[in-house]
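The structure under discussion appears below in the form of structure tokens.
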Amino acid sequence: MAQIGDEVKNKQVIFRDYVNGFPKESDFIITSATIRLKLPQDSNGLLLKTLYLSCDPFMRMLMKNQPSPFSYSPGSLVFGYGVAKVLESGHSDFNEGDLVWGMLKWEEYSVLEDPGKLIKIHHTDVPLSYYTGILGMPGITAYFGFHDVCSPKKGEYVFVSAASGAVGQIVGQLAKLMGCYVVGSAGSREKIELLKNTFGFDEVFNYKEEPDLNAALKRLVYLIDYIIYIIKTLMNRWTTPLMANNGR
């Protein structure tokens, strides 16, 4: 087992070049560099051992050739949400052995000089991988978007687009727990079955098989109290006219 001060191999995932269409394995380079497991002198950062990484849909947007401070640059490390263990700390808020989650580089070991946005994990009685899902960004987005923005009430109607995604499926289950009537849209028969039979949505439709989305929504729900746009597309054109008074 590697010790502090050792020089070790560090597996990394490099973004090869901007992506057109669906990402392929050839759009990335898996390589191995070396790293000394030691923070630079007087560093305020953290030396991290990566435990879990999450591949999320928002990362596809970062692969486009468009000006953005957050986009991936060809030849640079991929980054995304993940879970890591602190091997060495120069920051007063973190100690050796702490578990953290947040935005990480896709490599086995990382030196993070600005760890202020990392969140310390205090509850370890659940699998740590949950912090890349229901206890991480997708779960937080779903919970606060639904409860704080929508402020739902029992019996109200909720429509969720991209309902089988990481955020959408959580929103649907939160809505059902509140006693809401939940309608979702997805793009395949497998996803429709998942939403109906596993996640308990009241009604679901495949937007790719509906010639008239307006008619589909009218068939499944009278007036919508809440629209949860996971992906805001032409669905907006069809759902807005069906919004109830004071709908969100």
Side-chain angles (χ1 to χ4, degrees), residues 19-25 27-28 52-64 80-82 126-127 129-147 149-150 152 155-243 247-248:
V19 175
N20 293 311
F22 198 82
K24 307 179 297 298
E25 185 176 344
D27 293 319
F28 306 90
Y52 294 95
L53 292 170
S54 178
C55 188
D56 295 298
F58 80 88
M59 298 168 70
R60 174 63 185 85
M61 302 298 293
L62 307 183
M63 300 176 190
K64 292 183 177 181
Y81 286 100
V126 296
S129 59
Y130 283 15
Y131 288 93
T132 64
I134 193 168
L135 296 180
M137 180 272 291
I140 289 174
T141 303
Y143 184 90
F144 288 102
F146 181 63
H147 285 290
V149 176
C150 290
E156 292 183 313
Y157 285 69
V158 176
F159 171 70
V160 187
S161 72
S164 65
V167 175
Q169 60 183 246
I170 298 174
V171 169
Q173 293 175 84
L174 292 174
K176 290 301 298 177
L177 289 171
M178 286 293 298
C180 297
Y181 187 88
V182 184
V183 176
S185 65
S188 73
R189 294 180 182 180
E190 292 79 10
K191 292 176 181 178
I192 298 299
E193 292 297 316
L194 178 72
L195 293 169
K196 287 280 289 184
N197 299 330
T198 302
F199 297 133
F201 280 60
D202 294 290
E203 295 290 349
V204 191
F205 65 92
N206 186 338
Y207 64 88
K208 294 180 180 178
E209 296 180 350
E210 294 287 348
D212 187 339
L213 292 176
N214 193 18
L217 286 165
K218 287 182 177 179
R219 182 177 76 243
L220 298 174
V221 58
Y222 175 59
L223 287 175
I224 302 171
D225 293 290
Y226 311 110
I227 300 177
I228 309 296
Y229 284 120
I230 310 306
I231 302 176
K232 193 170 185 178
T233 60
L234 286 176
M235 197 67 72
N236 187 21
R237 174 183 172 186
W238 309 112
T239 55
T240 301
L242 294 175
M243 287 293 288
R248 275 84 82 193

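Positions are given from 1, in the same order as the sequence printed here.
Counting all heavy atoms, side chain and backbone alike, Ser185 lies closest to Ser161 at OG-CA, 3.4 Å. Residues Phe146 and Cys180 come closest through the heavy atom pair CZ-SG, 4.3 Å. The two residues Ala142 and Ile170 come nearest to each other via the heavy atoms CB-CG2, 3.6 Å. Gly168 approaches Phe201 most closely through the heavy-atom pair O-CZ, 3.9 Å. Here the shortest heavy-atom pairing between Phe28 and Pro23 reads CE1-CB, 4.4 Å.
By the neighbour-count criterion of 12 heavy atoms within 6.0 Å, atom OH of Tyr143 is sparsely surrounded, having that number or fewer from other residues, nucleotides or ligands. Within 6.0 Å of CD1 on Ile134 lie no more than 12 heavy atoms contributed by other residues, nucleotides or ligands. Atom CZ of Phe58 is surrounded by more than 12 heavy atoms from other residues, nucleotides or ligands within 6.0 Å.
To the nearest 0.5 Å, the span separating CE on Met137 from OG on Ser54 amounts to 6.5 Å. Taken from CG in Leu174 to CE in Met178, the straight-line distance is 9.5 Å, to the nearest 0.5 Å. Put simply, CG on Leu195 and CD on Gln173 are 9.5 Å apart, with the number rounded to the nearest 0.5 Å.
Annotation: side-chain hydrogen bond (donor to acceptor under 3.5 Å, both in side chains) contacts of Lys196 (sequence neighbours excluded): none. Legend: residues meeting side-chain hydrogen bond (donor to acceptor under 3.5 Å, both in side chains) with Asn197, ordered by chain and number and at least two apart, are Glu193.
The main-chain N or O of Ser164 is found under 3.5 Å from a side-chain atom of Gln169 such that the two form a donor-acceptor pair.
Looking at heavy atoms from C-beta onward, Thr132 lies out of side-chain contact with Tyr81 at the 4.5 angstrom threshold. Two residues are said to be in side-chain contact when any heavy atoms from C-beta on lie closer than 4.5 Å; Glu203 and Tyr181 meet this criterion. The shortest side-chain heavy-atom distance between Val182 and Phe199 does not fall under the 4.5 Å cut-off. The shortest side-chain heavy-atom distance between Asp27 and Met63 does not fall under the 4.5 Å cut-off.
Among residues at least two apart or in separate chains, salt bridge (Lys or Arg N to Asp or Glu O under 4.0 Å) pairs with a member in residues 163-190 are Lys176-Asp202, Arg189-Glu209.
Relative orientation of the Phe159 and Phe205 rings is parallel, given thresholds of 30° and 60° on the angle between their planes.
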Arg60 vs Val19, side chain to side chain contact (heavy atoms under 4.5 Å, CB included): CA-CA, chis, key distance, verdict: CA-CA 8 Å; Arg60 174 63 185 85; Val19 175; 3.9 Å; yes
